[in-house]
Structures are given as structure tokens and as C-alpha cells.
Amino acid sequence: MHQLSLEKDKIKILLLEGVDPSAVDALGKAGYTNVEYERGALDPRELMERIEGVHFIGIRSRTKLTAEVLARARRLVGIGCFCIGTNQVDLDAAARQGIPVFNAPYSNTRSVAELVTGEYLALLRDLPARNRLVHNGGWKKTAGGCFEARGKTLGIIGYGHIGTQVGIIAESLGLEVIFYDIENKLALGNARQVETLQELFARADIVTLHVPETPETKGMIGAGEFAAMRDHVFFLNASRGSVVDVDALGAALESGKVAGAALDVHPVEPKSNDDEFVSPLRKFDNVILTPHIGAATEEAQRNIGIEVANKLALFSDNGSTLTAVNFPEVALPRMRSDVSRLLHIHRNVAGIMRRINEIFSDENINVAAQYLQTTPEVGYVVMDINSSAPEELVPRLKAIDGTLKCRILY
Ligand code: NAI
């Protein structure tokens, strides 16, 4: 439990694992300059020691914020994962301590879309096989099996952040775009949503996958789906390795049903750069295999740095938890200069709001606005007060049974 005032230089921020320096710049622009920056991850003992003194911590995937580590983080008010995944953090333990966790799920959208675009253009021109052939001293100067993208039909499965970007780039190249999504989506440009996967398979010259990993998408593309696709289709997967049965894809490549494929994600990916990549698809010259680098661009890293830093700064400045992955999401207007704002994070048990309101009414405090969101575990209430809140309010609010954190912004 800790109160943070808005003396920004007192707010300590620890950034680990060499997060992009754009994060430091973004925090600095927001007034947060008390930043310690480490290029690597800390060993567990040092992490335990250093997390004790900080209000915010920024990590990537190597720092494990377990319940044990978080128990030491008595001052911590927010966690930034400068990446997409958040399973390196015990999200429930963080929520139980009243700590929101933020990440950057969409900063790399454009990078993935550009990779996919480059790959289907390369596949259409048989570049992977011809490149390898020429490197090996061969020569195959024929037009057979090589195509322009213009006029072809691109079938996008999963028309979300990445799928839509892939679609608009494709349209500007002159492809016709159709997509399948479980939700009704507003089509960008002239793209058309189709009702069924079967319809997409029947029409698409190129099929590209942009779905999340869910129980429904696991093994979503197997032998039956490849059989339903057009002959000599080009197939791409930059979503998740579990979505495609790679043995079935291998069989479809063997038979010529699939004319070429590009895979950035794989059912089994090496844990480190020193481990061998194993896949039945390695033997195919007409398959582009990449090591899960869809998001690996300098621009994406920079965008991630800015996005997560801004989320931490916003939470610190005005209490907004929009897009937090483990926490009630409260989107708050900018604080007016003539109000103070109470942020109260508590276990989601009955009676807490009544206690808060009692304290306010005892003190004759007029509430200008109130925002409340809950998850099954945690409640988060934000109240704007038409005056500066008396200091003695804070200990009384903290004393309410079930309070996890309380702070007042002036
Ligand atoms: P998103 O959440 O914006 O879009 C996903 C879309 O798929 C949504 O429109 C959703 O309605 C749709 N969808 C969900 N289940 C479906 C189903 N069963 N059938 C058809 N559509 C379905 O996600 P975003 O950002 O576009 O990412 C898509 C995928 O790309 C994710 O799997 C993500 O993990 C992966 N990804 C891969 C990267 C790489 O390095 N290769 C980098 C970033 C994301």
C-alpha cells in the first residue's frame, strides 16, 4: 500500500533487458526522469533487492516476475512488459497486489504485414527456389510458375490489426482481397468478407493466416483444409505455429496442391539461437522459413518503447488503466487543475464502496465524478473531488479492510 504524489522526480522507474531507448525518451517527455536503465536482465537475487525500491518496472521476456518476487515489491504500482507476451509475469499475483500490467500488443502490426507482403510477392515469383538454385551454381531462366500479384485474390483468415494492414497493402498492389473472420468486420477499401472458410478456400490464390491462438484455431488448418484450397495455392502463416498441421502442409507441398509457403511461426520453436530448428518443411525449396521475426524490426521496438512508457506515465499521471492485461480497465479524462483525484484499488468484496462514500460524506466532500470497474478479484474506483483532498483522508481510506493501494493525485 503506498501513496504516490505527483512529484515526478521521486517516482523511481527501473527498466531492464535493454528496452528500446525510446521508452526513456517518452518517460522523460512526460516528466519522469528518475529512471535506472539496465542492458540485461538481473539475476533473481538482484532483482529481488532492486524491485523493492521502485514504483515502476519495465521488462521484456527474460525477467520473471513471480509471486515471490512481487511480494518484495512493496512500492511497485505498475509493470510494463515491453513486448507482446505477459506470461513472464504472475498476472494474478500482481492484480492481488493492486498492480496493473501493461504491454504493447499492436506496435508491431505493420512489421508483420510488410513481412507477409514481401513473402507472397517472393513466392509468386518462385524466388526462394530460384535463389537457392543460383547460389548453388544453377540457372533457370523460365517464366513458368512465376506470376504477378496484380489481379490475384488474397484470402485473409483473421481480419484484425495485422489482417487489415495486409489487406490494404494488397489492395494498393492490385490484388482482390477477401477475408474470413468469426466476427463481422468493417472491411477496409474494397475488401469483402466471406461467410465461410470454404468460400475463402474456393476463391483465394493466396491464403494468409492472422488469427490468435485459441482453442478454436489450434489445428485449424489441416489436410481437409488444404484439400479445399485451390490447386497451386500459396499459403502463409505468421500467426501462431499451433494453427497449422505442418505434416499436412508437407503432404500438400509434395503433391503440388500448395505451390509455395511461408512460415514465420512453428509448432516447435528453438528456445535459443544455439538450438536446432526441426521441421518437416526444411527440405522444400519453395518454402520460406523464418525464425519468428514478424515483429523484429527497429521500428516495432521503438514503437513498443513509446507505447508501454506512455501507458505507465498515463497511469501514474491520471490513474488510467486502459489496456491493462490483468486489471479493471478505467479510461479517464485528463485531470482538471481544480480537482484532486482519489485512486482506490481494493479486493472486490462487498461493502468497500459504502465505506469510501461514508468517509467522503463525513468530510463533507463533494464528488465531481466517479469511475468504477471491477474484475472478479479486484475493484478499482477513481473519484474526482472538487477541492484538494485533506491529507488525513488517505490513512482512513487505506484502513478500509480489503484496500490494496490508495493514492491521491493533486
Ligand atoms: P487481432 O486480435 O487484432 O486480430 C485477430 C483477428 O482474428 C480478429 O479479428 C478475430 O476476430 C479473428 N479471429 C479469432 N478467431 C478466429 C477464428 N477462429 N477464425 C477466424 N478469425 C478469427 O490480432 P493481430 O494483432 O492481428 O495478430 C494476429 C496474430 O498474429 C496473433 O496470433 C498474433 O499472435 C500473431 N502475431 C505474430 C507475430 C510474429 O512475429 N509473427 C507478431 C505479432 C502478432
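Residue numbers run from 1 in the order of the sequence given. The figures that follow rest on heavy atoms only: side chains count, while hydrogens, waters and symmetry mates do not. All ligand and atom numbering here is 1-based and tracks the order in the structure.
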Colleague: If the threshold is 4.0 Å, N to carboxylate O, is there a salt bridge linking R150 and E176?
Modeller: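 The answer is no: the pair does not qualify as a salt bridge.
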
Colleague: Give the atom numbers and elements of ligand 1 that come within less than 4.0 Å of a heavy atom of M220.
Modeller: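 Going through ligand 1 atom by atom, the ones under 4.0 Å from M220 are 19 (N).
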
Colleague: When you measure from atom 30 (O) of ligand 1 to each heavy atom in I157, I162, L263, which option holds the nearest one?
Modeller: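 Ranked by closest heavy atom to atom 30 (O) of ligand 1, first place is I162.
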
Colleague: Closest non-hydrogen protein atom to atom 14 (C) of ligand 1, residue and atom name please, with distance?
Modeller: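 Looking at atom 14 (C) of ligand 1, the protein heavy atom closest to it is P212 CD, 3.3 Å.
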
Colleague: Heavy atom under 4.0 Å from ligand 1: found in V211's side chain, backbone, both, or neither?
Modeller: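 Both of them.
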
Colleague: Looking at R240, which atoms of ligand 1 are within less than 4.0 Å of one of its heavy atoms?
Modeller: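 Taking each heavy atom of R240 in turn, ligand 1 has 32 (O), 34 (O), 37 (C) under 4.0 Å.
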
Colleague: Salt-bridge test for R282 and E276: reply yes if a basic N is under 4.0 Å from a carboxylate O, no otherwise.
Modeller: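 Counted as a salt bridge, because a side-chain N and a carboxylate O are separated by less than 4.0 Å.
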
Colleague: Tell me, which protein residue and heavy-atom name are nearest atom 35 (C) of ligand 1, and how many Å apart are they?
Modeller: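 For atom 35 (C) of ligand 1, the nearest protein heavy atom is S239 O, 3.5 Å.
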
Colleague: Hey, looking at atom 36 (N) of ligand 1, which of S107, A238, P215 has the closest heavy atom?
Modeller: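 Going through S107, A238, P215 one by one, A238 has the nearest heavy atom to atom 36 (N) of ligand 1.
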
Colleague: Using 4.0 Å as the upper bound for N to carboxylate O, is an ion pair formed by D384 and R341?
Modeller: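 Yes.
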
Colleague: Geometry only, no angles: is V112 polar-contacting ligand 1 at N/O separations under 3.5 Å?
Modeller: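 Min N/O separation from ligand 1 is not below 3.5 Å for V112.
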
Colleague: Among all protein heavy atoms, pick out the one at the shortest distance from atom 23 (O) of ligand 1; state its residue, atom name and that distance to 0.1 Å.
Modeller: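 Sorting protein heavy atoms by distance from atom 23 (O) of ligand 1 puts Y106 CE2, 4.3 Å first.
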
Colleague: Name the option, out of T109, D264, L197, that contains the heavy atom nearest to atom 41 (N) of ligand 1.
Modeller: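 Selected option, by shortest heavy-atom distance: D264.
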
Colleague: Between D181, I293, I182, I84, flag the one that comes closest to atom 16 (C) of ligand 1 by a heavy atom.
Modeller: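 Looking at heavy atoms only, I182 sits closest to atom 16 (C) of ligand 1.
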
Colleague: Which of the atoms of ligand 1 are close to Y180, meaning less than 4.0 Å from one of its heavy atoms?
Modeller: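 Heavy-atom distances to Y180 below 4.0 Å select 19 (N), 20 (C).
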
Colleague: Given H161, H210, K185, which has its nearest heavy atom closest to atom 3 (O) of ligand 1?
Modeller: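 Going through H161, H210, K185 one by one, H161 has the nearest heavy atom to atom 3 (O) of ligand 1.
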
Colleague: If we ignore angles and hydrogens, is there a donor and acceptor under 3.5 Å between the side chains of H210 and T208?
Modeller: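 Yes, T208 and H210 have a side-chain donor paired with an acceptor closer than 3.5 Å.
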
Colleague: Looking at G160, which atoms of ligand 1 are within less than 4.0 Å of one of its heavy atoms?
Modeller: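 The list of qualifying atoms is 3 (O), 4 (O), 6 (C), 9 (O), 26 (O).
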
